[in-house]
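Worksheet for the structure shown next.
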2 protein chains.
Amino acid sequence: MVIDINLSTLQRLKRPEAPSIPQPSLARLPQYHHYLVDLADKGISRISCSVIGAYLGLIPVQVRKDLQYTGIIGKPKTGYSVAELIQAIETFLGWNNINEAFLVGVGNLGTALLGHERFSKFGLRIVAAFDTDSTKIGQWIHEKAVLPLEQLADLAQRMSIHLGIITCPAEAAQAVADEMVKGGIQAIWNFAPVKLRVPDHIIVHNEDLYSTLASLSWKLARRFRVPVQEKEAV
Amino acid sequence: MVIDINLSTLQRLKRPEAPSIPQPSLARLPQYHHYLVDLADKGISRISCSVIGAYLGLIPVQVRKDLQYTGIIGKPKTGYSVAELIQAIETFLGWNNINEAFLVGVGNLGTALLGHERFSKFGLRIVAAFDTDSTKIGQWIHEKAVLPLEQLADLAQRMSIHLGIITCPAEAAQAVADEMVKGGIQAIWNFAPVKLRVPDHIIVHNEDLYSTLASLSWKLARRFRVPVQEKEAV
DNA sequence: GTAGACTCGGTATATGGTTATCGATATAAA
DNA sequence: TTTATATCGATAACCATATACCGAGTCTAC
């Protein structure tokens, strides 16, 4: 059986033009951004890594390294310009160019995302929603039309939509992903707890609530359980 | 200014009894679990790391290492017992003992979580919801009562609730967290895009949509931008 | 104007997680 | 019964990320 070998090999081969920024740093940038916007609102114009780090519980060096990826240049003693920093992060993350997205699955979660106006500040605009439930189709939710899933592929192609958001039940997720791929969608933000099978060039990010839940319950169990050894000897 | 030094030092001091399992492994366990339950439903009773890995896009060694943390023991050639493996993961993650939780913020997202029946399979039961909006208080959403936030601390204490879920707007999140701490809650699952300030012994997990969004938009921007160098020389 | 303190940027080291390798063992086929 | 093969468990090498260190620059206070 060589399937596994092929798979892992593929994964590695896919990465030559791999991220020039570590994934964890990428994930921290929005946090810096959020804090910086707050500062800007307060009229503060310069900031140092130490202060940012103190606020977020990170050491100054790490903050500095993360920020360096955005290409920003600071000045000794004074630190960075807040405005420049915000700009640098937004540019780096591509938040200046809006990504238009389709969302599939207008349940509670889907509705929540559709109504999240703040996304537009972070380069995301959900332009339409899709569902298979005929009672939902035709409705308008948060000013977005709910269309039948069958139209997704065609519309995505014609409107050059690059991003798809999956908030449908797990059972339907793979079929939805297939439709998205057919419509030329490049990246999928997947909220369904399923491993999607898509071509290699498609970017998939899973928002896996169960992972978080696992961490939490493990830590809680650990805290309230009498401290026993985790592994039994054979 | 020594705040930062103290902070980072604290973080390290907090960790002596740190996770005996890497965070990424912990996050993968639910995925294995999900797949295994599917297998069990199909009547398959034994499984090898290679097959699990092939399904999830991981190499067999990694799967094996992850599973070892749960204390499971496999047999050469045959692999693991599916049933034992499921049991081992559930026990390890503490999914057998139900965690009762309070949820604060009955917006779309909060409602979505309240309605998510599957959580109960993963050791989570949301027993009540809270809000400050008087039009929501008194309602029942998915068979859970919506109570005024003021009652949270008292009820949490009397019912020995250990877990709090924050799905309210960012502005209110810190105040809610404070209430939770006052009520003796040990762990917080935070969906608000805010860095919460809580005592050291409180476990906080942020479900940060913006981090994911940042990754996605960076990768999309990178794909569609002409490949230029990321950093300008000084 | 000078001394001192703070902060940046670059390089080096340490840590933690992932991947590779090897020997042992159980099953299945000859 | 013997041989071949798939798989596990353990140890070791490797890689990515996080942390520490050091020199250089600039602002503040005296």
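To find a chain, count down the sequence lines: A is the first, B the second, and so on, and within it residues start at 1. Heavy atoms only: backbone and side chains are in, while hydrogens, waters and symmetry mates are out.
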Open item on the list: Among residues 75-89 of chain A, which ones have heavy-atom contacts with DNA chain C below 4.0 Å?
Closed with: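 Only A:K75, A:P76, A:K77, A:G79, A:Y80 qualify.
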Open item on the list: Main chain of A:P60, side chain of A:S50: is a donor-acceptor contact present, judged purely on distance under 3.5 Å?
Closed with: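 A pair under 3.5 Å: no.
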Can you check the [X] [atom1] to [N] [atom2] distance for me, whole Å?
| X | N | atom1 | atom2 | answer |
| --- | --- | --- | --- | --- |
| B:I59 | D:dC15 | CD1 | P | 13 Å |
| B:L58 | C:dG17 | CG | P | 16 Å |
| A:D66 | C:dG9 | CG | P | 13 Å |
| B:R64 | C:dT21 | CZ | P | 14 Å |
| B:I72 | D:dT7 | CD1 | P | 17 Å |
| A:Y69 | D:dT17 | OH | P | 7 Å |
| A:R46 | D:dT26 | CZ | P | 12 Å |
| A:L26 | D:dT17 | CG | P | 11 Å |

Open item on the list: Do A:V176 and A:F102 have side chains that approach each other closer than 4.5 Å (heavy atoms only, starting at C-beta)?
Closed with: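 No; the side chains remain at least 4.5 Å from each other.
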Open item on the list: Side chains of A:L26 and A:F92, heavy atoms from C-beta outward: is any pair under 4.5 Å?
Closed with: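 The answer is yes; the side chains approach within 4.5 Å.
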Task: Row check, B:Y55 ring normal vs A:R197 NZ/CZ: under 6.0 Å, within 45° - done: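 Relative to the ring axis of B:Y55, which defines the angle, A:R197 lies inside both limits.
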Task: Short side-chain N/O contact to D:dA6 OP1/OP2 from B:S50, under 4.0 Å - done: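 Checking B:S50 against D:dA6: no side-chain N or O falls below 4.0 Å of OP1 or OP2.
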Open item on the list: Quick check on C:dG9: is either OP1 or OP2 less than 4.0 Å from any side-chain nitrogen or oxygen of A:Q68?
Closed with: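 Checking C:dG9 against A:Q68, a side-chain N or O does come within under 4.0 Å of OP1 or OP2.
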Please tell me which of the listed nucleotides, [options], lies nearest to the side chain of [X]?
| X | options | answer |
| --- | --- | --- |
| A:S48 | C:dT18, C:dC8, D:dA18 | C:dC8 |
| A:K65 | D:dT7, D:dT19, D:dT17 | D:dT19 |
| A:Q62 | D:dA10, C:dT18, D:dA18 | D:dA18 |
| B:P24 | C:dG17, C:dT7, D:dC8 | C:dG17 |

- [ ] Locate the shortest heavy-atom distance separating B:G110 from B:T167; write the atom from each residue and the value.
- [x]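 In terms of heavy atoms, the two residues are closest at CA-OG1, 3.5 Å.
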Open item on the list: Is it true that B:Q62 and B:D66 share a donor-acceptor pair across their side chains at a distance under 3.5 Å?
Closed with: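 Absent: no donor and acceptor within the cut-off.
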Open item on the list: Regarding B:R28, tell me which of base, sugar-phosphate or nothing describes its non-hydrogen contacts under 4.0 Å with the strands shown.
Closed with: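 Here B:R28 touches the backbone only, sparing every base.
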Open item on the list: For A:W95 and A:F122, take the angle between the two ring planes, folded into 0 to 90°, and tell me which bin it lands in: parallel under 30, tilted 30 to 60, perpendicular over 60.
Closed with: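 The rings of A:W95 and A:F122 stand perpendicular, inter-plane angle above 60°.
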